[in-house]
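Worksheet: one structure, shown below.
In this chain, residues are counted from 1 in sequence order. Computed from a predicted model, the values in this text were never measured in an experiment. For ligands, and for the atoms within them, numbers begin at 1 and follow the listed sequence.
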Amino acid sequence: MTLRLAVLASGRGSNLRAVLRAIDTGTLDARVVGVFSDKPRAGALDVARAAGVPARWFDPKAHPHRPGFDEAVFSAVDAVQPDLIVMAGYMRLVSEAAVLPRVGRMLNIHPSLLPAFKGLHTHAQALSAGVAVHGASVHVVTPELDGGPVVAQARVPVLDGDTPEALAARVLAREHPLLVATLQGFARGGIAWHDGALVHDGQPLTRPLQLDAHDALRPDPDPMPA
Ligand code: GRF
């Protein structure tokens, strides 16, 4: 089944570009049916338009309260009838009223190995914590910020002398294949949301899948201590 994707983005749109490229090259059986942003000049809107994908900006100032803004955004999202809604660098909190009816159909990519380093400035957080391994996660969006069940992760080493920028670039390079591989999993049916929980190959997914060196997702060969 060709997966219909709606993408929410606030920034440059490199994750969106990676998804579109994977679709173009036939790696991912999906179609981006709409891109939605809260920032008028988000690069993601240009990436979408260049690919012929309908792209819309919603002005947060037009809606003084978050639920009203979310209602406007998500009614447009619903109108394109997505199978999955992908938050790829969407930098706005989403109200519980918008999240709850969509739990299991909405994913977010977050630049840390959740549950570590939720929120903003994750690379600086990782450097000040002194961790040796950092990375990115794709998780199911729930009302708790960056707190939903994690589908898959990519681990990235922290190197001596890393700056937040250097580390961010190393993580971003793995975010792209991580997001594509996760969406492939949903498109092929190997990953699913069933009865309120994640399922992988018919079994409950108890630990995030890990992106391997060949950009494939595998059960975790080496779980990190909690
Ligand atoms: C990524 O690092 C993503 O994990 C974070 O915001 C960034 C978006 O980058 N949530 P891009 O707009 O996809 O280039």
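Atoms of ligand 1 found under 4.0 Å from any heavy atom of Gly11 (numbered from 1 in listed order, with element): 12 (O). Every atom of ligand 1 is numbered from 1 in the order shown, and the set under 4.0 Å from a heavy atom of Asn15 is 1 (C), 9 (O), 11 (P), 13 (O), 14 (O).
Ion pairing between Arg105 and Asp78 fails under the 4.0 Å rule for side-chain N and carboxylate O. Salt-bridge formation is not detected for the pair Asp46/Arg41: no Lys NZ or Arg NE/NH1/NH2 atom is positioned less than 4.0 Å from an Asp or Glu carboxylate oxygen.
Both tests hold for Arg92 against Phe69: distance to the six-membered ring centre under 6.0 Å, angle to the ring axis within 45°.
For atom 10 (N) of ligand 1, the closest heavy atom belonging to the protein is Ile109 O, 3.3 Å. Among protein heavy atoms, atom 11 (P) of ligand 1 sits closest to Ser14 N, 3.4 Å. With hydrogens left out, the protein atom closest to atom 1 (C) of ligand 1 is Glu175 OE1, 3.1 Å, a heavy atom. Counting protein heavy atoms only, atom 9 (O) of ligand 1 is closest to Arg12 NH2, 3.1 Å.
Shortest non-hydrogen contact noted between Phe58 and Ala72 is CE2-O, 3.7 Å.
Taking only nitrogen or oxygen atoms, main chain and side chain alike, His110 does not reach within less than 3.5 Å of ligand 1.
Partners of His123 according to the ring pair (Phe, Tyr, Trp, His ring centres under 6.0 Å) rule, which considers only residues two or more places apart in sequence or in another chain, are His134.
Taking all heavy atoms of Gly13, Gly89, Ala9, Pro111 into account, the minimum distance to atom 12 (O) of ligand 1 is reached by Gly13.
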Table please: side-chain donor-acceptor pairs of residues 22-34 below 3.5 Å, with sequence neighbours left out.
residue : atom : partner : partner atom : Å
Thr25   : OG1  : Arg21   : O            : 3.0
Thr25   : OG1  : Ala22   : O            : 3.3
Thr25   : OG1  : Thr27   : OG1          : 2.9
Asp29   : OD1  : Thr2    : OG1          : 2.8

